[in-house]
A.B. asks: 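Handing you a structure now.
Residue numbers run from 1 in the order of the sequence given. Since the model is a prediction, treat every value here as computed from it, not as a measurement.
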Amino acid sequence: MLVRNVVFNLIGLAAPVLLAVFCIPPLIAQLGASTFGLLTLVWVVLGYFSIFDLGIGRALTLAVAERRARHDVAGLNGWVGTGLALTAALGLLGAVVLVCVAGPLSGVIAQGEPALRSDARQALLAIAVALPFVTTTAAMRGVLESFDRFDITSIIRVGMGFVTYLGPLVVLHFTSGLVAVVWFLVGARMLAWAVHLVGMLQVVPSRSESPLRLAAHTLRPLLISGGWMSVSNLVSPLLSYLDRFVVAYVVGAAMVAYYTTPYEAISRLTMIPEALLGVLFPALGAAMATDRSRVEALYGQSVRVLLAVMLPIATVFIGLAEPLLTLWIDAAFAAKSFGVWQWLTLGVVVNCIARVTFTLIQSQGRADVTAKLHLIELPCFLVLLFWLTQRYGVNGAAAAWCIRASVDFGLLLWVQNRLVPASLHLGAPTLLAMLAVLVGAWGAGHWAPASSKVPMALGIILGSAVVACGLVLRTADRQLLLSLASRVTGRLRR
C-alpha cells in the first residue's frame with residue numbers, strides 16, 4: 001500500500017514538472033523577464049497563503065490516520081466537519097488581510113519597476129478571492145490522504161499542473177495581460193476545490209451523518225496541533241521563498257528571473273521526497289499508535305533510499321549546470337544563472353533529506369519543536385541573505401539559501417536524536433564519499449574547460465551511482481528496490 005501510494009504521489013508531482021520544462025521558456029519569451037518574474041511570485045503567493053489553514057489540514061491527516069489505525073472511526077465526521085469549518089473561516093480572514101496589504105506589498109514586489117505595480121496589486125486582489133477555497137482544499141486533501149486515497153489527490157495534481165503551466169500560455173494567446181492569467185489560475189483553484197469535495201464525500205464513512213457536522217471536543221486538539229504546524233507552515237515557506245523578494249528588492253525585479261528560473265527547475269527535485277513524505281506522514285502517525293518499532297524501520301529506510309536516489313541526480317545537476325541551462329533557455333541566460341543553479345541544487349538536495357526528519361518529528365506530535373527551530377532560523381537567515389545578496393547578487397542569495405538548508409538539517413537531526421531515536425546506519429566513510437562526489441561535480445561544472453566538462457561530469461556521475469548503491473543502501477534496501485523494479489517490469493510486459 002505504501003509503495004502504491006508513493007507511485008501515485010510521484011506521478012502527481014512529476015507531471016507538472018515535465019510541463020514546466022516545456023512551458024517556462026515560451027512564457028519568458030512572451031512575458032519578458034520582469035513580468036515572468038512577477039508571475040513566479042504569483043505562483044509563490046498562491047501556494048504560500050494556504051498557510052491560513054493554520055496547519056489544520058495536516059493535523060486532520062494525523063488525527064484521522066491514528067484513529068483509523070486503532071479502528072476507532074466513530075465520530076470521524078465530526079473531526080472532518082470541524083476541520084472544514086475552521087479552515088473556511090481562516091481562509092476568509094486571510095482574504096481580508098491580503099486585501100489590506102495588497103497596496104504596500106505590490107510596491108515591494110515591483111521595486112524598481114513602477115509599471116508592474118498595478119498588475120501586482122490586481123493579482124493580489126484576485127488571489128484574495130481564492131484564499132477560502134485554498135484553505136479548505138488543504139483540509140479536504142488531508143482527509144483523502146488519511147484514507148490512503150492518493151490516487152484521487154494525484155489526479156487532481158496532474159490536472160492542476162496542466163492549468164498552472166499550460167493555462168497561462170493559452171490565456172496569453174488571447175490577451176497579453178498578466179491579470180487575466182492570474183484570474184484564470186484563481187478559477188482553476190476553485191474547480192480543484194470542487195473536485196476535492198466530491199472525492200472526500202466518497203471516502204468519509206457513516207454517510208448517514210453529515211460530514212460537515214461540528215464537534216466541540218475536536219476544536220482544542222486540532223487548534224493546538226495545527227497551531228504549531230501552522231508556525232512551521234508560515235515560517236518554512238518564508239525560509240524557502242523570501243530570497244526571491246530580497247533579490248527583487250536588492251538587485252531589481254529584472255534579475256528575479258535569473259534566480260527564480262533555476263529555482264523553479266531545481267525545486268522540482270522535491271517532488272521525490274514529497275511523493276514519499278505525503279504517504280509517510282500518516283503511516284508514521286499510525287505506527288506510533290500501534291507499533292513503535294516500525295517507526296525506526298520506516299524512517300531509516302526512507303532516508304537511505306532517498307539519499308541513494310538524490311545523490312546521482314545532484315551530481316548531474318551540479319556537474320552539467322551550464323550545459324543544461326544553455327539547452328533549456330540559451331547561453332546568455334546560462335552564463336548569469338548557472339552559479340545559482342549549482343548552489344540551489346546542493347541546498348535543495350540537503351533540504352530533501354531534511355524533510356524526512358522533519359516529517360518524523362511532526363508525526364510524533366512534536367510540531368512545537370520544528371516550529372521553534374524555524375522561528376530561530378528566520379532572523380539569522382534574513383541577515384545572511386541580505387548580506388550575501390548585496391555582496392554577490394543572485395549567486396549570494398542562492399548560497400545563503402544553501403547554507404540555511406544545511407544548518408536546518410543539522411538542527412533537525414540533533415532534535416530527532418533526542419526526541420525520537422532512530423538510526424540511519426550511515427557511517428563516516430559513506431558521508432565522506434558522498435561529499436567527495438559532490439565537490440568533484442562542483443569543480444567539473446564550475447572550472448573544467450568546456451571541451452572536457454561533459455566527460456568529467458559523466459565520470460563523476462558514474463562514481464556517485466557506485467557510492468549510492470554500494471555504500472548508502474543496505475542489503476534489505478537493495479532487495480526492496482530490485483523487487484519493486486521486477487514488479488514494474490512484469491506489469492509493463494503484461
Side-chain angles (χ1 to χ4, degrees), residues 33-34 36-38 40-41 43-45 48 105 107-113 232 234-270 314 317-319 321-322 324-325 329 332-355 373-412 435 438-439 441-447:
S34 297
F36 176 74
L38 180 57
T40 64
L41 296 180
W43 287 335
V44 169
V45 173
Y48 177 70
L105 185 56
V108 174
I109 291 172
Q111 182 75 23
E113 298 282 342
S232 287
L234 175 65
V235 179
S236 183
L238 278 176
L239 292 169
S240 297
Y241 295 127
L242 198 59
D243 46 1
R244 304 181 183 205
F245 296 94
V246 171
V247 167
Y249 180 77
V250 174
V251 298
M255 292 299 295
V256 173
Y258 296 107
Y259 186 88
T260 58
T261 302
Y263 189 92
E264 283 297 320
I266 301 301
S267 64
R268 301 307 171 182
L269 292 177
T270 59
F317 276 56
I318 292 174
E322 193 169 7
L324 287 172
L325 267 172
I329 310 292
F333 197 97
K336 295 182 179 180
S337 288
F338 87 94
V340 173
W341 179 287
Q342 289 182 316
W343 277 111
L344 289 179
T345 296
L346 187 57
V348 166
V349 168
V350 171
N351 181 253
C352 286
I353 308 303
R355 291 180 183 214
L373 283 181
H374 283 153
L375 288 173
I376 294 170
E377 291 173 23
L378 180 59
C380 301
F381 174 57
L382 271 175
V383 172
L384 181 67
L385 179 61
F386 267 99
W387 179 60
L388 289 179
T389 304
Q390 287 174 339
R391 287 182 63 88
Y392 304 106
V394 291
N395 286 330
W401 200 98
C402 178
I403 293 169
R404 195 277 310 169
S406 301
V407 172
D408 178 67
F409 185 29
L411 291 173
L412 286 172
L435 180 61
L438 291 173
V439 170
W442 188 288
H446 203 73
W447 292 295

A.B. asks: Can you see which heavy atom on W401 is nearest to which on V348, and at what distance?
C.D. replies: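 So the two residues come closest at CZ3-N, 3.5 Å.
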A.B. asks: What pair of heavy atoms forms the shortest contact from A354 to D408, and how long is it?
C.D. replies: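 For A354 versus D408, the nearest heavy atoms are CB-OD2, 4.4 Å.
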A.B. asks: Given side chains that start at C-beta, do those of Y258 and V340 come closer than 4.5 Å, heavy atoms only?
C.D. replies: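 Y258 does not reach V340 side chain to side chain.
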A.B. asks: For residues A398 and W343, report the shortest heavy-atom separation together with the two atoms involved.
C.D. replies: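 Answer, listing the atom of A398 first, then W343: CB-CB, 3.6 Å.
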A.B. asks: Once you round to the nearest 0.5 Å, how far does CG of N351 lie from SG of C402?
C.D. replies: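 SG of C402 is found 10.5 Å from CG of N351.
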A.B. asks: Rounded to the nearest 0.5 Å, how far does CG of N395 lie from CG of L344?
C.D. replies: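 Interatomic distance, L344 CG to N395 CG, rounded to 0.5 Å: 9.5 Å.
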A.B. asks: Can you give me the closest heavy-atom contact between A400 and F381, atom names plus distance?
C.D. replies: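 So the two residues come closest at O-CE1, 3.6 Å.
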A.B. asks: Find the distance between CH2 (W341) and CG (L346) and round it off to the nearest 0.5 Å.
C.D. replies: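 Rounded to the nearest 0.5 Å, the CH2-CG separation comes to 14.5 Å.
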A.B. asks: For T345 and A314, which heavy atoms make the closest approach, and how far apart are they?
C.D. replies: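 What the structure gives for the nearest pair is CG2-O, 3.9 Å.
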A.B. asks: If every non-hydrogen atom of A397 is compared with every non-hydrogen atom of T389, which pair is closest and at what distance?
C.D. replies: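 That closest heavy-atom pairing would be CB-OG1, 3.4 Å.
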A.B. asks: Atom OG1 in T261, atom CG in L325: separation rounded to 0.5 Å?
C.D. replies: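 Going from OG1 on T261 over to CG on L325, the span is 8.5 Å.
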A.B. asks: If we ignore hydrogens and angles and just use 3.5 Å, is the side chain of Q342 paired with the main-chain N or O of I318 as donor and acceptor?
C.D. replies: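 Such a contact is found between Q342 side chain and I318 backbone.
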A.B. asks: Would you indicate whether the side-chain heavy atoms of L385 and R404 approach each other to under 4.5 Å?
C.D. replies: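 They are not in side-chain contact.
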